[in-house]
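Quick one: structure below, then a few questions.
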Amino acid sequence: MLCQEFGVPLVLDASLLQDNLYFIKKREEQAADMSIREIARAIADACDIFYFSARKLGFGRGGGILIRDEDAYKRMRGLVPMFEGFLTYGGMSVREMEAITVGLEETMDYDMISHGPQFIEYAVRELDQRGVPVVKPAGGLGAHLNAMEFVDHLDQREYPAGALNAALYLASGVRGMERGTMSEERDADGVEPLANMELVRLAMPRRVFTLSQVNYLIDRVKWLYDNREMIRGLEWEEEPEILRFFYGRMRPLSDWPNQLVKKFREDFGDSL
């Protein structure tokens, strides 16, 4: 390993390991005859520090930091009181540790970890066939709507990804996630950088959705795309200096949300 040759520790954020295990098994020739557990072990053996959020890998509250070297552990443990509490405070509950254990075992099951990526691939393919601008090729975690093309009539300073995300919720009840200029932070002079991309992420975790729900999403996104000219921009109502994406509040620049809902009811009645 190159890191070992130069004495550099290799640190892996394994929060999305399950998607990578699926794609390695499916796409890499040298892994075709390996089990998921063998692939995971090969990855872990190459790492010095292996950490993860259990909300993604393991499906529990909390996470883990696995450290191969005792000296590295001793250097890191002094940081624990700053962010977590003292080492003797108990950490996660037994219930959460048991839940994470079950989740990690499920991650070793190819059929289980293939569920999300296959649904994402299906959603991306079906939306693309309907002319909806999506990011291709399909990957893991979620399908991504390309807001710059979806609502290309909006100026980027009107937060197109945020507006599209809000419109999607009004038209479907589906909660997406803005990944664009809203997620940026102003610089020291108060200047707001424009993001390179404006995306709406539609995450599909395993064990959660059925095919009928994905088809419902596709249907509503297509309806929204057909009525995209009704979507207008947003502005900040409350913009915190720190982590505005998490704590801020937006408001529409016009009455467009009510007009969109009116059109929705003309086409669908009160059905969601």
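The structure presented is a predicted model; accordingly, all values stated were derived computationally and were not measured.
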message: Suppose we screen for salt bridge (Lys or Arg N to Asp or Glu O under 4.0 Å). Which residues come up paired with Glu158, at least two apart in sequence or across chains?
response: none
- prompt: Hey, is the main chain of Arg249 close enough, under 3.5 Å, to the side chain of Glu237 for a donor-acceptor pair?
  reply: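 Here the side-chain-to-backbone pair does not exist.
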message: Looking at Arg37 and Glu105, is there a salt bridge between them, counting it only when a charged N and a carboxylate O are closer than 4.0 Å?
response: yes
task: Compare every heavy atom of Ala195 with every heavy atom of Thr181, then report the nearest pair and how far apart it is.
output: OG1-N, 3.1 Å
message: Using every non-hydrogen atom in the two residues, find where Pro9 and Asp48 come nearest and quote the distance to one decimal.
response: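 Closest heavy-atom pair between Pro9 and Asp48: CA-OD2, 3.3 Å.
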task: Go through the structure and list residues passing salt bridge (Lys or Arg N to Asp or Glu O under 4.0 Å) with Arg41, not counting sequence neighbours.
output: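 With sequence neighbours excluded, Arg41 shows a salt bridge (Lys or Arg N to Asp or Glu O under 4.0 Å) to Asp45, given in chain and number order.
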- prompt: Distance from Gln259 atom CD to Met230 atom CE, nearest 0.5 Å?
  reply: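 Separation between the atoms: 6.0 Å.
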field: Flag, side chain of Lys25 to backbone of Met34, donor-acceptor distance under 3.5 Å
entry: yes
- prompt: Which heavy atom in Leu260 sits nearest to a heavy atom in Ala167, and how many Å separate them?
  reply: CD2-CB, 3.7 Å
- prompt: Could you state the interatomic distance from CG (Leu145) to CD (Glu198), rounded to the nearest 0.5 Å?
  reply: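 Nearest 0.5 Å value for the CG-CD distance: 12.5 Å.
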task: Would you check if the side chain of Arg157 reaches a backbone N or O of Glu235 as a donor-acceptor pair within less than 3.5 Å?
output: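 No.
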Between CG on residue Asp111 and CD on residue Glu106, distance to nearest 0.5 Å: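 So the gap between those two atoms works out to 12.0 Å.
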message: For Glu229 versus Arg232, what's the shortest heavy-atom pair and its separation?
response: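 Minimum heavy-atom contact is O-NH2, 3.3 Å.
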- prompt: If Ile, Leu, Val, Met, Phe, Trp and Tyr residues are connected whenever their side-chain heavy atoms lie under 4.5 Å apart, and connections chain through other members, are Val11 and Met76 in the same group?
  reply: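 Both belong to a single hydrophobic cluster.
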Check: residues 50-59 side-chain donor-acceptor pairs under 3.5 Å, at least two apart:
{"unit_1": "Ser53", "atom_1": "OG", "unit_2": "Arg55", "atom_2": "N", "d": "3.4"}

- prompt: Is there a donor-acceptor pair closer than 3.5 Å between any side-chain N or O of Asn165 and the backbone N or O of Val200?
  reply: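 No.
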Those residues that, when tested against Tyr225, pass ring-ring contact (aromatic ring centres under 6.0 Å, His included) (two or more places apart): Phe150
- prompt: Do Leu104 and Ile24 share a hydrophobic cluster (ILVMFWY, side-chain heavy atoms under 4.5 Å, transitive)?
  reply: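 In one cluster: yes.
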message: When you measure from the side chain of Asp187 to the backbone of Asp189, do you find a donor-acceptor pair of N or O atoms at a distance under 3.5 Å?
response: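 Judged by distance alone, yes, a pair lies under 3.5 Å.
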message: Using the rule that Ile, Leu, Val, Met, Phe, Trp and Tyr join whenever any side-chain heavy atoms are under 4.5 Å apart, tell me whether Leu234 and Leu164 fall into a single cluster.
response: yes
field: Connected via hydrophobic side-chain network under 4.5 Å: Val124 and Leu211
entry: yes
- prompt: Salt bridge check: are Lys263 and Asp267 linked by an N-O gap of less than 4.0 Å?
  reply: yes
Would you mind writing out the side-chain donor-acceptor pairs for residues 130-142 within the sub-3.5 Å range, not counting sequence neighbours?
{"unit_1": "Arg130", "atom_1": "NH1", "unit_2": "Glu126", "atom_2": "O", "d": "2.9"}
{"unit_1": "Arg130", "atom_1": "NH1", "unit_2": "Glu126", "atom_2": "OE1", "d": "2.8"}
{"unit_1": "Lys136", "atom_1": "NZ", "unit_2": "Asp128", "atom_2": "OD1", "d": "3.2"}
{"unit_1": "Lys136", "atom_1": "NZ", "unit_2": "Asp128", "atom_2": "OD2", "d": "3.4"}

- prompt: Among all residues two or more places apart in sequence or in another chain, which pass the side chain to side chain contact (heavy atoms under 4.5 Å, CB included) test with Asp152?
  reply: none
query: Given the rule that I, L, V, M, F, W and Y join up when any side-chain heavy atoms are under 4.5 Å apart, are Met108 and Leu12 in one cluster?
result: yes
- prompt: Which atom names give the shortest non-hydrogen contact between Tyr110 and Lys26, and what distance separates them?
  reply: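 In this case the closest contact between Tyr110 and Lys26 is OH-CB, 4.5 Å.
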query: Any chance CZ of Arg186 has more than 12 other-residue heavy atoms, nucleotides or ligands included, within less than 6.0 Å?
result: yes
field: Euclidean distance, Tyr247 OH relative to Glu239 CD, rounded to 0.5 Å
entry: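 Rounded to the nearest 0.5 Å, the CD-OH separation comes to 15.5 Å.
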query: Closest heavy-atom contact between Ile218 and Tyr122?
result: CD1-CE2, 3.7 Å
- request: Please confirm whether Arg220 makes a cation-pi placement over Phe268, using NZ or CZ under 6.0 Å from the six-membered ring centre and within 45° of the ring normal.
  value: yes
